[in-house]
Every structure is written in C-alpha cells, then in structure tokens.
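Note on naming: letters A, B, ... go to the chains in the order of the sequence lines (proteins, then strands), and numbering restarts at 1 for each one.
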Number of protein chains: 2
Amino acid sequence: MSVTIKDVARVAGVSYSTVSKALNNSPLVKEKTKIKILQAAKQLGYQPNFAAKSLVSKKSSIIGVVWPTVERMAWSALATNINDALVKKSYNMLLSINPLASAISIFNQFRVDGILVFQEERTLLESTDIKSTVPILFYGESGSSHYPEINVNRRKAIFEAVRYLAEMGHRRIAYIGDLSHKEANQQEKLIGFSEGIMQFGLVSHPDMAVHVKKLSWEEGFRATKQLLQSSYRPTAIVSASYDLSAGIIRAVRDASLRIPIDISLISYDNIPQMAGLEIPLTAVGTPVDKLAENLVEALLKIIEHPDSIHPFDDIDIELNERASCGPPLK
Amino acid sequence: MSVTIKDVARVAGVSYSTVSKALNNSPLVKEKTKIKILQAAKQLGYQPNFAAKSLVSKKSSIIGVVWPTVERMAWSALATNINDALVKKSYNMLLSINPLASAISIFNQFRVDGILVFQEERTLLESTDIKSTVPILFYGESGSSHYPEINVNRRKAIFEAVRYLAEMGHRRIAYIGDLSHKEANQQEKLIGFSEGIMQFGLVSHPDMAVHVKKLSWEEGFRATKQLLQSSYRPTAIVSASYDLSAGIIRAVRDASLRIPIDISLISYDNIPQMAGLEIPLTAVGTPVDKLAENLVEALLKIIEHPDSIHPFDDIDIELNERASCGPPLK
DNA sequence: TTGTACGCGTTATCAG
DNA sequence: CTGATAACGCGTACAA
C-alpha cells in the first residue's frame with residue numbers, strides 16, 4: 001500500500017540504492033538524477049518508513065517525554081519549549097500520558113533515542129523499579145538515584161524573592177503555597193521562604209504562611225482572602241506558582257488593594273505568561289526557555305555518552321522584574 | 001547492544017523462531033519450553049523491537065494524537081479518557097504538539113495505525129493541504145471535507161441548557177461565552193442560545209450575552225462582574241465552558257449571591273471535574289468518557305475499512321443535573 | 001513440537 | 001557515479 005523507495009526507483013528508472021542515496025542527499029549522486037528521483041518521490045507521495053530506517057540505523061531521532069496528567073500552566077509552557085528546543089536539534093518529541101512504567105516500556109520498544117520524565121511527586125516511582133535501555137533524564141525528583149536528574153533550585157528561587165522584597169524595604173511578607181510536607185519540591189520552596197525571613201530578620205507571624213491544597217488559581221484566590229482577613233497585614237506576598245498568582249491578583253483587586261502600591265506580589269514560575277496577567281508579574285525561577293534548553297542539552301549529552309556519570313547542577317534561577325513589586329507604602 | 005530474540009534463543013537453547021512463537025503466546029509451543037523461554041527473556045530484560053515488529057506486521061498498535069497547545073481543562077480530561085479507551089482496545093497513544101502538518105508527517109513516517117486530530121480553530125488547516133496515508137479522524141472542524149470528522153452538537157447542547165432553565169421557570173437568562181464569529185464551535189453555542197431564547201419566548205436584553213476573549217476563568221470572572229453590574233438582572237447563567245464557569249462561580253459568590261438560590265448556573269463541558277468545583281455544577285455536553293469512546297470507536301472503524309466513506313453522526317449530548325440550578329427566586 | 005528460510009523498507013559496503 | 005547485496009529484528013509459511 002504505502003510507497004517505498006523501490007516504487008520510486010522504478011518510476012525514476014534507477015536502482016533503489018541510488019534512490020536511498022539521493023534521498024539522503026549523498027554527494028555520490030549526479031545532480032541530474034537526484035532531481036529526477038526527487039520528482040518521482042514527490043509525485044508518488046513517498047514518505048520514508050521510520051521503522052525500517054531506525055531498524056538499520058539504530059536511531060529514531062525521537063525523544064519520548066513522559067507526562068503525568070498535566071493541568072498546570074507552567075508545565076504546558078515547558079512542554080512547548082522543550083518541543084521547540086528539540087526541533088532545533090532536529091529531534092522530534094512524542095508525549096505519553098501513561099503511567100511512568102508503561103510509558104517507559106513503550107518508549108523502550110520504540111527505541112527512542114532518549115526519554116525525559118516530568119516527575120512531580122516521587123511516590124509513584126519507588127514501588128515499580130524502572131528498567132530502561134534507553135537513556136533517561138528525570139526532571140524533578142527521580143526518587144531513585146539510578147538515573148540522572150535535573151532540578152531547579154526552588155529553595156534558592158524563593159529565597160531570592162524574599163531578599164528582593166526585603167531589600168526593597170518590606171518587613172511583613174506573606175507566603176502562599178503548599179505547606180504540607182508531602183512533595184519535596186513544594187517543601188523546598190517553603191524552606192527557602194523561612195530561610196529568607198530569618199536571614200533578613202523580618203517579622204514573623206503565625207498567619208504569614210497560608211496553605212493551599214493545590215497550586216490552582218481557586219486556591220490562590222481562597223488563600224488570599226483568608227490572608228487579607230487575618231490579623232497579619234503583609235505589605236508583600238510571595239506566591240508558589242503561576243496559577244496561584246492568577247487567583248491572588250483577583251483576590252487582591254477584589255479587596256480594593258492596588259498592586260504594587262498597597263501590596264507587592266512576586267511569583268515563582270518564570271514563564272512568559274507572567275507578563276500577560278492583568279498586572280505583569282515580577283517572577284523568579286528558571287525561565288522556561290532556558291530550562292527547556294538545559295534539559296534538552298543535558299539529555300543529548302547523556303545520549304552521546306550513556307555510560308559516564310552525569311552529575312548535573314541545578315539550573316540557575318533568575319528574577320525578572322515586571323510591574324508587581326514596589327516599596328512598601330510607608 | 002539491546003537484546004534480541006536471538007539472544008533469548010541462545011540462552012534458552014532453542015531456535016529464535018521458537019522464541020518468537022513463545023513470546024506471542026502461540027499454541028504451537030510446548031508449555032515447558034514456553035516457560036523456559038519466558039524466563040530467559042525476563043532474565044535478559046528482553047524488550048521487543050517495535051520497528052522490526054511493525055516492519056513485518058505492517059501494524060504499530062499506535063494511535064497518534066495531534067494536539068494544539070494544551071491549556072484548557074476539558075481537553076486534558078479528553079486526552080486522558082482517550083488514552084484509557086485506547087489502552088482498553090490494546091492500542092497505545094502518542095501525542096504530538098507540533099503544528100498539524102508536521103505532526104501528521106511524523107505519524108505517517110511512523111506508520112501509526114491511525115491519527116486523531118484535535119482541531120479547535122480551522123484556519124490553520126486550510127492553507128496547508130494535508131497528505132496522509134494513515135487514516136485520520138478530526139475532532140472538531142476539519143475545514144476540508146477530505147477527511148472524516150466527528151463533532152459534538154454544541155448548538156443543541158446549549159439549546160437544551162436553555163430549555164432546562166426555561167422549564168424550571170427562568171425568564172431572564174444570560175449567556176457568557178465567545179461572541180465573536182471567528183470560531184465555528186463557539187458560534188454554534190451562541191446560535192443554540194439564541195434559538196433557545198426565541199423558542200421559549202424568553203426576555204431579550206442587550207446585555208444578556210457577555211463576550212469573553214478566551215475561555216479562561218479570568219474572563220469568566222470579569223464577564224460575570226460586568227454582567228452583574230449591568231441593568232439586566234438574570235436569574236440564570238449559561239456558561240460556554242468549564243474554565244469560564246470556575247471564574248463565574250467566584251464572581252457570583254463575591255457578589256454575595258448564592259447558587260442556585262439567587263442565581264442558577266449551567267455550564268457547557270460535561271466533565272467529571274464539574275462535580276469538584278466549589279458548587280457541583282449542572283452541565284451539558286457529551287460526557288468526556290463517552291466522547292472518548294466514540295472517537296476511539298470511530299477511528300478504529302476507519303482503520304478497519306479505510307476506503308469506505310464514514311459519515312459520522314454528531315455525538316449525543318447529555319445534561320447532568322448537579323447542584324447549581326433551581327427555580328428562580330420568585 | 002521445533003527449526004529453516006524468506007521478506008518487510010532502509011542504510012551501508014563494495015564492486016562495477 | 002551507479003547498482004547489487006548484506007544486514008537490522010522480527011513474524012510466518014513451510015519443512016523437518
């Protein structure tokens with residue numbers, strides 16, 4: 001049914017091995033015949049067969065990405081950026097939203113060149129022991145030390161956010177985020193906040209940190225209402241995620257407070273969408289495009305040298321000033 | 001590097017064709033040797049090579065799904081459900097977030113068994129003429145009539161929502177959604193609303209329909225504030241999407257109105273998450289699980305009979321009563 | 001019940 | 001420059 005190089009060869013009146021060369025732009029083919037072959041190929045609507053190609057070449061030019069069911073904005077943005085970065089390196093990205101073990105199994109059978117795993121919580125992994133011939137890179141907590149992982153330094157990011165506010169003159173800073181100790185990533189952020197408060201000798205208060213069950217805008221909204229009604233009167237808020245921040249803005253405005261005049265807001269998750277909110281948000285974290293490039297680069301490095309050990313540094317964080325922070329009112 | 005059936009054969013002390021049979025659970029192999037082979041395979045960590053397999057069998061057991069950049073909740077839910085439905089039929093799903101043309105090209109080279117395209121706006125498609133040997137099914141507007149497509153009857157869905165409210169006694173109903181005529185899907189919803197208003201002889205008012213630029217919660221929030229401040233005093237709201245509704249609820253509650261006592265709310269997008277909102281929302285639309293099953297079923301039908309024409313009916317809609325609608329206050 | 005041989009669509013190596 | 005031909009890993013008739 002589908003057309004092969006042999007069909008193309010027949011139409012072009014050459015042998016199929018010549019077609020193969022022509023299609024791969026080999027210099028061993030005369031320009032004229034090359035053109036003839038290319039025309040025949042186009043005319044027949046030839047599409048190379050990936051399976052055959054990767055069978056012989058042992059390469060697929062595909063990177064498999066394992067994605068837990070994703071709802072958060074920051075992750076969508078990351079996926080898009082990784083895709084772009086991969087295309088730039090002439091790879092293609094395929095996503096699987098299956099459970100980790102089966103996704104990895106599928107990608108292994110496909111003999112993709114590399115696998116990138118987005119891991120939010122680490123609990124899943126520990127039970128099932130992952131077997132993979134294909135190089136894997138974890139983004140987030142891998143849980144097992146068998147595979148290389150890259151993480152961003154969330155602790156430092158939040159710490160820097162606090163520093164930024166403190167240096168601006170803020171003394172009463174609040175934090176809205178996941179206060180439970182279930183997810184290591186979220187815990188890191190909280191620690192960063194605490195460290196900042198202590199380090200810069202800021203005001204402490206029992207209500208200064210508000211817990212959210214999910215990093216969603218609803219929770220951000222709710223938590224902010226709660227915060228503003230408490231006896232703590234913050235002049236600035238540190239938010240643990242983009243989605244959270246979206247809800248925070250709404251709640252703050254509803255309380256007829258102005259950002260950044262009455263209250264400053266700085267958010268984790270350094271994605272371009274921050275600029276598109278009602279108020280362009282000053283944010284801290286690794287810019288997604290850089291993060292994506294780092295991840296891709298690291299993965300390609302692993303692919304090229306699968307055996308050597310790869311101790312990846314945490315990716316550097318940045319603080320992007322926009323319009324949501326200013327000195328406290330008085 | 002990676003282990004093949006030949007390696008397994010050597011370890012198990014049989015020929016590799018026997019291994020092949022054993023692995024495919026053929027009855028032509030003695031139980032005892034089968035076990036021996038299976039053990040050897042596991043011990044070596046054997047993973048079948050997809051490329052080789054699909055090369056000879058002309059099947060990949062993979063369905064490629066083309067996804068525009070994902071941000072909306074309802075779509076995430078749909079993807080998850082399709083994945084599940086596919087697994088049930090022993091297929092695997094792989095996602096591509098590349099532009100339509102290149103995604104289809106990749107899937108063609110992979111010789112996936114079928115392609116499912118999520119198409120929100122149709123503008124993209126019309127310029128590039130899609131060529132695909134692999135069967136394609138469009139969900140949404142394909143734009144060209146070359147490929148089969150399935151859609152849900154959004155017009156009817158919204159119409160039924162209006163009917164539901166009307167029969168409950170509501171006379172002043174508002175609509176929050178995309179009022180521009182750019183996207184056919186959104187236009188359909190608006191038409192359904194207008195038809196309902198006319199058919200049931202309800203009150204008309206210039207402010208009864210509020211436009212949102214995006215189907216996001218922010219816009220839902222904003223539009224609702226606007227609606228509640230206008231001179232129109234609706235007793236019920238019809239919302240065009242889940243995300244919108246989330247924002248609507250917040251805005252309504254902020255105005256100290258109670259749902260459903262002071263105001264009723266019914267939403268398009270029939271997804272389980274509706275039940276998880278602050279107020280379990282009565283919703284109309286095709287339940288995602290059914291939608292997913294329908295799509296999968298239709299696609300498999302096309303795969304089996306690629307040549308015949310497939311005029312798919314719109315998928316039926318359902319109205320799920322939850323806790324957000326009641327009779328008007330007086 | 002097991003093994004042999006061939007072909008799937010490519011690339012790569014050699015001869016011509 | 002071009003054309004045979006051998007792999008690649010697997011399924012499957014067919015032979016043993």
**Asked** D/dA4 base to A/S17 side chain: any donor-acceptor pair below 3.5 Å?
**Response** yes

**Request:** Can you check whether any acceptor in the base of D/dG11 is under 3.5 Å from a donor in the side chain of B/K58, or vice versa?
**Result:** no

**Message:** Tell me whether the side-chain N/O atoms of B/S57 come closer than 4.0 Å to OP1 or OP2 in D/dG11.
**Reply:** no

**Request:** Answer yes or no: does a side-chain N or O of B/N24 lie under 4.0 Å from OP1 or OP2 of D/dG11?
**Result:** yes

Measure [atom1]/[X] against [atom2]/[N] and give the value in whole Å, please.
{"X": "A/K53", "N": "C/dA12", "atom1": "NZ", "atom2": "P", "result": "10 Å"}
{"X": "A/N49", "N": "D/dC8", "atom1": "CG", "atom2": "P", "result": "18 Å"}
{"X": "A/K32", "N": "D/dT2", "atom1": "NZ", "atom2": "C1'", "result": "15 Å"}
{"X": "A/K6", "N": "C/dT11", "atom1": "NZ", "atom2": "P", "result": "13 Å"}
{"X": "B/Y46", "N": "D/dG9", "atom1": "OH", "atom2": "P", "result": "10 Å"}
{"X": "B/K59", "N": "D/dT12", "atom1": "NZ", "atom2": "P", "result": "12 Å"}
{"X": "A/F110", "N": "D/dG9", "atom1": "CZ", "atom2": "C1'", "result": "15 Å"}
{"X": "A/Q109", "N": "D/dG11", "atom1": "CD", "atom2": "P", "result": "11 Å"}

**Fill in**
In short, A/Y46 meets A/T4 closest at the heavy-atom pair CE1-C, 3.7 Å

**Request:** Give every residue pair that meets the side-chain hydrogen bond (donor to acceptor under 3.5 Å, both in side chains) criterion with at least one member in residues 12-25 of chain B, sequence neighbours excluded.
**Result:** B/S15-B/S17, B/S15-B/T18, B/N25-B/K34

**Neighbour count >12 (heavy atoms, 6.0 Å) for atom NZ, B/K36** = yes

**Asked** Between A/E297 and A/K89, is the closest basic N to carboxylate O distance under 4.0 Å?
**Response** no

Just compare [options] and give me whichever is closest to any side-chain atom of [X].
{"X": "B/S15", "options": "D/dC10, C/dG3, C/dT10", "answer": "C/dG3"}
{"X": "B/L28", "options": "D/dG11, C/dT2, D/dC8", "answer": "C/dT2"}
{"X": "B/T33", "options": "D/dC10, C/dT11, C/dT2", "answer": "C/dT2"}
{"X": "B/V56", "options": "D/dG9, D/dT2, C/dG3", "answer": "D/dG9"}
{"X": "A/K21", "options": "D/dA4, D/dC10, C/dG3", "answer": "D/dA4"}
{"X": "A/I5", "options": "C/dT11, D/dC10, D/dT2", "answer": "C/dT11"}

**Request:** Give B/F50 one of three labels, base, sugar-phosphate or nothing, depending on what nucleic acid heavy atoms sit under 4.0 Å from its own.
**Result:** nothing

**Message:** Looking only at side-chain N and O atoms, does A/D113 offer a donor or acceptor that is under 3.5 Å from a partner on A/S60?
**Reply:** yes

**Item:** Residue mapping more 5' on DNA chain C - nearest nucleotide basis, B/V14 or B/L55
**Value:** B/V14

**Message:** Let me spell it out: for each of B/Y16 and B/G13, pick the nucleotide of DNA chain C with the closest heavy atom. Which residue's pick is nearer the 5' end?
**Reply:** B/G13

**Asked** Under 6.0 Å between ring centres, would you say that holds for B/F110 and A/F110?
**Response** yes

